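Notes follow the structure.
Only this structure's heavy atoms are used, side chains among them; waters, hydrogens and symmetry mates stay out. Counting begins at 1 with the first residue of the sequence. This structure is a prediction, so every number in the text was calculated from the model and none was measured.
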Amino acid sequence: MNAPRKALPAIDTARCTGCGWCVAVCAPHVLSLQVQGPQAWGPKRSRLHDAAACTGCALCAVRCPFDAIRMVRAGSLHAVRDDAALSHTSGGAAVV
C-alpha cells in the first residue's frame, strides 16, 4: 500500500530553462521536457505529466539550479488531478 502523497512539484515555466536536471533525478519518471508552443521544435520546459504517480520526494525541487520547482501541498491545489495546473504559472502569478 502506498503512503499518501503530501506535496506535488509546481513548475514555474518562467524560471525553468529546460536543463533537464529535474527529469534526470526523478525516480518515478513523472517529469518530462516538452516543447512550448504549437511547433514541434523550440525551447523546452519541464512538465509534471503524471501527478498520480509522483511520490512527493522533492528531489526535483532540490536539484533544480534555477529554483523553478516548488513543492505544493496536494490539498492546497484546486485541481490536483489536472497536470496542467501544476506545470505553469498563470498571468505572471508566482508559484507557491
Gap separating the [atom1] atom of [X] from the [atom2] atom of [Y], nearest 0.5 angstrom:
X     : Y     : atom1 : atom2 : result
Gln36 : Lys44 : CD    : NZ    : 11.0 Å
Ser46 : Asp12 : OG    : CG    : 11.5 Å
Leu59 : Cys64 : CG    : SG    : 13.0 Å
Lys6  : Arg73 : NZ    : CZ    : 8.5 Å

Legend entry - Short side-chain to backbone donor-acceptor contact, Arg70 and Ala10, under 3.5 Å: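 The answer is no, because no donor-acceptor pair under 3.5 Å joins these two groups.
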Looking only at heavy atoms, what is the nearest atom pair of [X] and [Y], with distance?
X     : Y     : value
Met71 : Cys60 : SD-SG, 4.5 Å
Asp67 : Arg15 : O-NE, 3.3 Å
Ile11 : Cys16 : CG2-CB, 4.4 Å
Ala51 : Leu8  : O-CD2, 3.8 Å

Inset, instruction - Could you list the residues that satisfy side-chain contact (heavy atoms from CB on, under 4.5 Å) with Cys19, not counting sequence neighbours? - result: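 Counting only residues at least two positions away or on another chain, Cys19 forms a side-chain contact (heavy atoms from CB on, under 4.5 Å) with Thr17, Trp21, Pro65, Phe66.
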Contacts table for residues 22-33: side-chain donor-acceptor under 3.5 angstrom, sequence neighbours left out:
residue: His29; atom: NE2; partner: Ala27; partner atom: O; Å: 3.4
residue: Ser32; atom: OG; partner: His49; partner atom: ND1; Å: 3.2

